[in-house]
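Take a look at the structure set out below.
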Amino acid sequence: MSRLSLALGGTLTAGFAATALLSRLWTPQDPTAMNLLARLKAPLEHGLLGTDQIGRDVASILMAGAWTSLGTACLATLAGGLVGTALGTLAEGRIARAVMAANAILFAFPPVLSAILLGAVLGPGGPTAILAIALFMIPVFARITRAEALRVWTQDYILAARMAGKSRARITLDHVLPNISGQIIAELSIQTGLAILAEAGLSFLGMGSPPPTPSWGRMLSDAQTYLTQAPHLVLAPGLAIALTVLGLNLLGDGIRHRLDAKGRA
């Protein structure tokens, strides 16, 4: 089962990542080019996935939107993961308790609420969305890495390293992080999927990257008025989001299951 999850999740994730990279070099048409004479055309009637309400090629917007949505999610998750992992592994004593208390406060603010608060200060846009999602990711990774790190710190080889005179920071870098890196990678994959959903929600509400930057969430927002007239405008970005999140979750679950199997062996 873990092999199937890894294979399917890896294939879906690699496919959308390749699409995002390809969009930086080529798209069937200019994703921002309007053609009012060809508006709301059905799939295959004008281009592979038809056109939107102002005549833009949906396939091109979808490809370009992959770069925005995946890029925002990956940057936010990576930033939150790095900070959260550092806090979860290096903090100790009173500092650790203070960090966990601060994480509980951050965890109470979902990305949408954080984006609203930050948008009032910094203004809406891509950087604000990245910061809002990253802030939400910090306590997630801090809790996970702290729980895994505490488990590793009870091992005999850690005691031997301490008796050899190694500092806590050196033990963390040499022994703790290598032994929990697999769990962190698996969690990065899963949380990136959640970050894509958060980015889509923020773009849907107009708090993501500003127009004319393509985004899957904004495609959904723009298409809601034409749901019955042109359902392909909703289906294309909706399926893209669903399949990308599915792929990342399957990939993360597959990695986690393989690590558990190796641990039992």
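Small disclaimer: the values here were computed from a predicted structure and weren't measured.
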Quick check for you: to the nearest 0.5 Å, what is the distance between [X] atom [atom1] and [Y] atom [atom2]?
X      : Y      : atom1 : atom2 : answer
Leu248 : Ser189 : CG    : OG    : 4.5 Å
Leu235 : Leu220 : CG    : CG    : 10.0 Å
Leu21  : Met63  : CG    : CE    : 10.5 Å
Ile130 : Leu135 : CD1   : CG    : 12.0 Å

Worksheet entry | Pair listing, ring-ring contact (aromatic ring centres under 6.0 Å, His included) test, anchored in residues 145-195, at least two apart |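 Residue pairs with at least one partner in residues 145-195: there are none.
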Using side-chain hydrogen bond (donor to acceptor under 3.5 Å, both in side chains) as the criterion, list what pairs up with [X], not counting sequence neighbours.
X      : answer
Ser181 : none
Arg170 : Asp174
Glu187 : Gln191, Arg256
His232 : none

Taking only residues two or more places apart in sequence, or in another chain, which ones meet [X] in a side-chain contact (heavy atoms from CB on, under 4.5 Å)?
X      : result
Ala200 : Ile241
Leu12  : Leu8, Leu246
Thr85  : Thr89, Phe141, Thr145, Leu177, Ile184

Contact between [X] and [Y] at the side-chain level, heavy atoms closer than 4.5 Å - yes or no?
X      : Y      : result
Asp52  : Met219 : no
Thr244 : Leu70  : yes
Ile54  : Leu36  : yes

Test of understanding: clusters of I, L, V, M, F, W, Y form through side-chain heavy atoms closer than 4.5 Å, transitively. Do [X] and [Y] belong to the same one?
X      : Y      : value
Leu78  : Ile138 : no
Leu227 : Ile61  : yes
Val234 : Tyr226 : yes

Kindly say whether [Y] contributes a backbone atom to a donor-acceptor pair with the side chain of [X] at under 3.5 angstrom?
X      : Y      : answer
Thr51  : Ala38  : yes
Trp216 : Leu62  : yes
Gln155 : Val152 : no

Fill in: Residue pairs, two or more places apart or on separate chains, that pass side chain to side chain donor-acceptor pair (under 3.5 Å) and touch residues 59-72
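Listed by first then second residue: Asp57-Ser60, Ser69-Glu199.
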Worksheet item: Any side chain to side chain donor-acceptor pair (under 3.5 Å) pairs touching residues 7-30, not counting sequence neighbours?
Response: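 Found Asp30-Thr32.
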Worksheet item: Ala195 and Thr77: which non-hydrogen atoms are nearest, and at how many Å?
Response: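 Taking Ala195 first and Thr77 second, the nearest heavy atoms are CB-OG1, 3.4 Å.
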Side-chain donor/acceptor pairs under 3.5 Å, residues 40-49, sequence neighbours excluded:
residue, atom, partner, partner atom, Å
Glu45, OE1, Ala42, N, 3.3

Worksheet item: For atom CZ of Arg151, is the number of surrounding heavy atoms from other residues, nucleotides or ligands below 6.0 Å larger than 12?
Response: yes
Fill in: ring-ring contact (aromatic ring centres under 6.0 Å, His included) against Phe136, all qualifying residues, sequence neighbours excluded
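By the ring-ring contact (aromatic ring centres under 6.0 Å, His included) rule, Phe136 matches Phe107.
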